[in-house]
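Since the structure comes first, as C-alpha cells, the remarks are kept for the end.
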Amino acid sequence: MNSKFFLTTPIYYVNDVPHIGHAYTTIAADVVARYWRQKISKENVFFLTGTDEHGQKVAQAAKEKGLSPKEFVDSVAPRFEEAWKLLNIDYDYFIRTTDPKHESVVTDLLQKIYDAGYIYPGTYNGLYCVGCEKFLTESELVDGKCPLHPNKEPVHQEEKNYFLKLKELSRKVFEKIENGEYQILPEDKKKEIVSRIKQGVEDISISRAGVSWGIPLPWDKSQTIYVWVDALINYYSATRFIKGKEGFWPANLHLVGKDILWFHTVIWQAILIAAGIPLPKTIFAHGFFTIDGAKMSKSLGNVISPQELVEKYGVDGARYLVVSAYPFGSDGDISQEKFKEEYNAHLANGIGNLVSRIAKLCENSGFEFPQEKVLKFDDLVEENIKNYHFDEALKNLFDRFISGLDYSINKEEPWKLTGENLKEFLTGSVSIIRNLSFNLRPFLPATSEKIEKQFLGPKIKSGLPLFPRL
Ligand code: MSP
C-alpha cells in the first residue's frame with residue numbers, strides 16, 4: 001500500500017473567474033484526497049491546487065480591466081480559493097505562480113536544463129493562439145483558426161526564442177511510457193498520446209521575447225519563460241519550497257482535463273527528464289462536458305458558477321451531481337433539468353428520506369445501538385475510487401446500500417414489528433447507514449458528518465432533512 005499520496009489539479013488561469021469546469025476537476029481531486037486521508041492518514045496526503053498567473057492571456061485580461069497584471073491576479077486568485085472553500089474542497093496548499101518562491105524554483109530548473117544542453121537559441125516563425133497560450137502547427141489549424149478558439153484570430157509571430165530539444169527528449173518519453181515508468185489513463189487517451197509521438201515531435205519554443213508578464217530567463221533576461229513551462233513546474237516547486245513536503249515528490253497523480261493532456265504527458269515529462277528529476281506516477285485525463293448539448297462559453301451565456309450550483313443544490317448536492325453526472329474519463333452532457341431530477345431522485349427521495357425514516361424509527365423505539373466494531377470501505381467502492389470510476393462508486397453505494405435498505409423496509413414493514421424483531425431489523429439498518437456514511441465521506445463530507453452526529457452514539461435521534469426536496 002502507498003505510504004504517501006501526492007495529487008494535483010491543473011492550476012487554473014486567472015483570466016477568468018472559477019466555473020463549473022474548474023470545479024469538476026477540483027471536486028474529483030478532493031474525493032481522491034479525502035479517500036487517501038481515510039486510508040493512510042492526513043499527514044501523508046498532499047493535495048495541491050492553485051492558479052496560473054503569468055502569460056499573455058492574463059496580461060490582456062488585466063489590461064481590459066485597466067489594472068496592472070499584479071493587481072489583477074491578486075484580485076482574481078482569491079476568487080478560486082473562495083470557490084473551493086464554498087465547495088468544501090480540503091486542499092493542503094494553494095500555489096500561485098507569481099509567488100517568488102515558485103519563481104525561484106522555476107529559474108533554477110531552467111538553468112539546470114540549459115546547462116545540461118537541452119535548450120538552444122533559435123527563431124520562431126509561425127502562429128500563436130493566445131486562448132491556448134501555445135503555438136499552432138499547420139496540421140492543427142481548422143479553416144486557418146485554432147479549433148478550440150475559432151473566434152480568436154491566431155497571431156503571426158516571428159522572434160528569437162529559446163527552444164527545448166523536445167524531439168530528442170520525446171524518444172525517452174516514449175520509452176518511459178512503453179515500459180510503464182509512468183502511467184497515462186484512461187487507456188484510450190494513452191493510445192492517442194503514443195500515436196501522436198510516433199507521428200513525430202518538433203522542438204518547442206520555451207521563452208518569449210514579446211511577453212513581459214512572466215519569469216525572466218536566468219541567462220537572457222530579455223526573454224520570459226513560456227507560461228506553460230512556468231505553470232507545469234508548480235507541481236514540483238511546491239515540494240521544494242513548502243516546508244515538510246520534500247518527500248512527496250514524485251507526485252502520485254496529476255488529474256487534468258483532456259484538453260491539456262499533451263502538456264502533461266509529453267512536455268512536462270520531457271522537462272523532468274532533461275532536469276534529471278523522477279517522473280510522476282499517473283496522469284489521468286477526464287473528459288469534457290457540454291451543457292444542454294452546447295459547449296460552455298461566455299458568449300452563449302451558459303456558464304455555471306460554483307456559487308450558483310451551491311445555492312441551488314447545497315454543497316454536497318453540487319458535489320454529488322457533478323461527480324455522478326457521467327463516467328469520469330469520458331465526455332458527457334449536463335443540464336440543470338437533469339441535475340434537479342437527479343437531486344430529487346437520489347438525494348431528497350433517496351438517501352435523505354432513508355436516513356430520516358430509520359432515524360425516526362430508532363428514536364421512537366427507545367433502543368440503544370452499540371458502536372460499530374470497524375467501519376471500512378466496501379471492496380467494490382474502493383476499487384471504483386482507485387480506478388477513478390467515481391460515478392460507479394456512487395452508483396454502487398446508492399444501489400446496494402440505499403435502494404437495498406429501502407427495499408427491505410418496504411418488505412419487512414418495520415412499523416409493524418415489535419420487541420426483538422424490531423430491534424434486529426433496526427440494528428441491521430443502523431449498521432448499513434453507518435457504513436454507508438463512512439463510504440460516502442470522500443464524496444459528501446458534510447452529509448456524512450451530519451449522519452454520524454445522529455447515528456454514531458447508542459441513542460439515535462432524528463434530525464433535519466439532509467436534502468430538502470426541490
Ligand atoms: N492554466 C492551464 C493549466 C495549467 S496546469 C500546469 C489551464 N487552465 S484553465 O483554467 O483553462 O483550466 C483548464 C481545466 O479546466 C481543464 O483541464 C479541466 O480540468 C477544466 N475544465 C474546463 N472546462 C471544462 C469542461 N467543459 N469540462 C470538464 N472540465 C473542464 O488550462
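When only modelled atom types and interatomic distance are considered, His254 and Tyr182 share no side-chain donor-acceptor pair under 3.5 Å. With hydrogens and angles left out, the side-chain atoms of Tyr12 and Thr26 include a donor and acceptor closer than 3.5 Å. Between the side chains of Glu308 and Gln336, at least one donor-acceptor pair of N or O atoms lies under 3.5 Å. With no hydrogens or angles considered, a side-chain donor-acceptor pair links Asp316 and Thr447 at under 3.5 Å.
Leu86 has its side chain out of reach of Glu82: every pair of non-hydrogen atoms, C-beta onward, lies at least 4.5 Å apart. Counting heavy atoms from C-beta outward, Ser324 and Phe398 have side chains that stay 4.5 Å or more apart. Side-chain contact check for Trp84 versus Asp30: every heavy-atom pair is 4.5 Å or farther apart. Inter-residue side-chain proximity for His346 and Ile351 is flagged as unmet; no heavy-atom pair is nearer than 4.5 Å. Residues Lys386 and Glu382 form a side-chain contact, since some pair of their non-hydrogen atoms from C-beta on lies under 4.5 Å apart. Annotation: side chain of Leu456 is in contact with side chain of Arg434 (closest heavy-atom distance under 4.5 Å). Between Tyr313 and Tyr320 there is no side-chain heavy-atom pair separated by less than 4.5 Å.
Checked against Phe328 for a ring pair (Phe, Tyr, Trp, His ring centres under 6.0 Å), the options Phe288, Phe289, Tyr24 give a single hit: Tyr24. The residue from Asn384, Ile385, Leu397 that alone fulfils the side-chain contact (heavy atoms from CB on, under 4.5 Å) condition with Glu392 is Asn384. Results of the side chain to side chain donor-acceptor pair (under 3.5 Å) test with Arg96 over Glu53, Glu81, His102 single out Glu53 as the only residue that passes.
The structure places CZ of Phe339 at 13.5 Å from CG of Asn344, a figure rounded to the nearest 0.5 Å. Tyr35 OH to Phe377 CZ: the interatomic distance, rounded to the nearest 0.5 Å, is 6.0 Å. The line from CG of Asp52 to CD1 of Ile11 is 4.5 Å long, rounded to the nearest 0.5 Å.
Across all their heavy atoms, Gln454 and Lys461 have their closest contact at NE2-O, 2.9 Å.
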Report task. Apply salt bridge (charged side-chain N to carboxylate O under 4.0 Å, His left out) to Lys112 and Asp108, showing your working. Result -> CA-CA 6 Å; Lys112 196 169 171 193; Asp108 291 351; over 6 Å; no

Report task. Mind running ring pair (Phe, Tyr, Trp, His ring centres under 6.0 Å) on Tyr91 and Phe80 for me, showing each step along the way? Result -> CA-CA 12 Å; Tyr91 56 80; Phe80 281 85; over 10 Å; no

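The aromatic rings of Phe369 and Phe367 sit perpendicular to each other, their planes meeting at more than 60°, with 30° as the lower class boundary. Using the six-membered ring where Trp is involved, Tyr13 and Trp228 have ring planes that are perpendicular, over 60° apart on the 30 and 60° scheme.
Atom NZ of Lys191 has 12 or fewer neighbouring heavy atoms from other residues, nucleotides or ligands inside a 6.0 Å radius. Annotation: Lys245, atom NZ; neighbour count of heavy atoms from other residues, nucleotides and ligands within 6.0 Å is above 12. For CD of Glu424, the number of neighbouring non-hydrogen atoms (other residues, nucleotides, ligands) closer than 6.0 Å is 12 at most.
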Taking only distance into account, with no hydrogens and no angle test, what donor-acceptor pairs under 3.5 Å do side-chain atoms of residues 404-412 form with protein atoms, sequence neighbours excluded?
unit_1	atom_1	unit_2	atom_2	d
Ser408	OG	Gly404	O	3.3
Ser408	OG	Leu405	O	3.2
Asn410	ND2	Asp406	O	3.4

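Here the side chain of Asn435 pairs no donor or acceptor atom with the backbone of Leu375 at under 3.5 angstrom.
By the 6.0 Å and 45° rule, Lys65 does not stack over the aromatic ring of Phe72. Judged by the 6.0 Å distance and 45° axis criteria, Lys4 is positioned over the aromatic ring of Phe248.
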